[in-house]
Amino acid sequence: VAGISFTQAQIEEGMVLIGGDSKLQITSAKSTRYSDIGKSDGGERKLIELSPQIAYLIKDYFALGLQVQYANLVSSEISTLIAMPFVRFYLGNTSTGVIPFVQGGIGPGYTKFADFITYDDVSGERLTTESIKESIVTYKLNLGIAAFVSKSISFEKTIISLNLLSRIFN
């Protein structure tokens, strides 16, 4: 598992916060599936996540922003896209260089996945894939720390993250 979180911001009124997260996870899974056309073995699963964000500090230590979250489980043909407005409060001052923060947001999105795959009886080739797309709403609350390495650049670590995802039935 590899991940990085980077933010460029000062935490004073009128400044802009630009940052994001990314993750690449590759898992090798041992599994066997049986079907009418035979047996298939599971292999690598690749998860790619990107989560850029931008915010404007409307007051010192208080920002309003937007985070776009994209996740794709490549081997399973599952993807999710969420646009989440958020608020962030910094809890302290910059004299120590390490500042705790609380960030919360709510946002709409969708998840798409291959529901039914048809294979050729003889060759085993994939013929068709029917996808299902569901509307979702996600809620997120994070508690973390920002370690400022300069006046305008910090590295962040989320300590506690609470996420809730709700499906919207059409």
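These values consider heavy atoms only, across backbone and side chains, with no hydrogens, waters or symmetry-generated copies.
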Exercise for review: Using the test side-chain contact (heavy atoms from CB on, under 4.5 Å), find all partners of Tyr110 that sit at least two apart in sequence or belong to another chain.
Suggested key: Leu81, Lys112, Lys133

Point to revise | Qualifying residues under ring pair (Phe, Tyr, Trp, His ring centres under 6.0 Å), relative to Phe62, sequence neighbours excluded | key: Phe89

Practice item. Check side chain to side chain donor-acceptor pair (under 3.5 Å) between Ser79 and all other residues, then give those that pass, not counting sequence neighbours. Key: none

**Study point:** CG-OG1 distance between Leu164 and Thr138, expressed to the nearest 0.5 angstrom
**Key:** 7.0 Å

Review point. Could you state the interatomic distance from CZ (Phe101) to CG (Leu17), rounded to the nearest 0.5 Å?
Key: 9.0 Å

Revision key, fill the gap. Those residues at least two apart in sequence (or on a different chain) that pass side chain to side chain donor-acceptor pair (under 3.5 Å) with Thr80 are Thr111

Exercise for review: Could you list the residues that satisfy ring pair (Phe, Tyr, Trp, His ring centres under 6.0 Å) with Tyr139, not counting sequence neighbours?
Suggested key: none

**Study point:** Nearest-0.5 Å distance that lies between atom CD1 in Ile159 and atom CD1 in Ile145
**Key:** 4.5 Å

Check your understanding: Does Leu141 have any side-chain contact (heavy atoms from CB on, under 4.5 Å) partners at least two apart in sequence or in another chain, and if so, which?
Key -> Val102, Leu162

Return all side-chain donor-acceptor pairs below 3.5 angstrom for residues 63-71, not counting sequence neighbours, or 'none' if the list is empty.
residue: Gln67; atom: OE1; partner: Gln69; partner atom: NE2; Å: 3.4
residue: Gln67; atom: NE2; partner: Ser51; partner atom: OG; Å: 2.8
residue: Tyr70; atom: OH; partner: Asn72; partner atom: ND2; Å: 3.0

Study note, to complete from the structure: Output for pair (Leu73 CG, Leu47 CG), nearest 0.5 Å, gives 6.0 Å

Practice item. Identify the residue among Ile106, Leu165, Ile82 that makes a side-chain contact (heavy atoms from CB on, under 4.5 Å) with Val137. Key: Ile106

Review point. For Thr158, what residues pass the side-chain contact (heavy atoms from CB on, under 4.5 Å) criterion, not counting sequence neighbours?
Key: Asn142, Ser161

Exercise for review: Drop me the distance from Glu13's CD to Leu57's CG, to the nearest 0.5 angstrom.
Suggested key: 9.0 Å

Exercise for review: Start with the C-alpha gap between Gln103 and Glu156, add the side-chain angles, then the distance that decides, and say whether side-chain contact (heavy atoms from CB on, under 4.5 Å) holds.
Suggested key: CA-CA 12 Å; Gln103 180 172 314; Glu156 298 179 349; 5.8 Å; no

Review point. Same hydrophobic cluster for Val87 and Met84, using side-chain heavy-atom links shorter than 4.5 Å among ILVMFWY?
Key: no

**Study point:** Nearest heavy-atom neighbours spanning Pro85 and Gly107
**Key:** CD-CA, 4.2 Å

Review point. Can you name the nearest heavy-atom pair linking Tyr61 to Gly92, along with the distance?
Key: CE2-O, 2.8 Å

Exercise for review: Can you measure from CD1 (Ile11) to CZ (Phe148) and round to the nearest 0.5 angstrom?
Suggested key: 4.5 Å

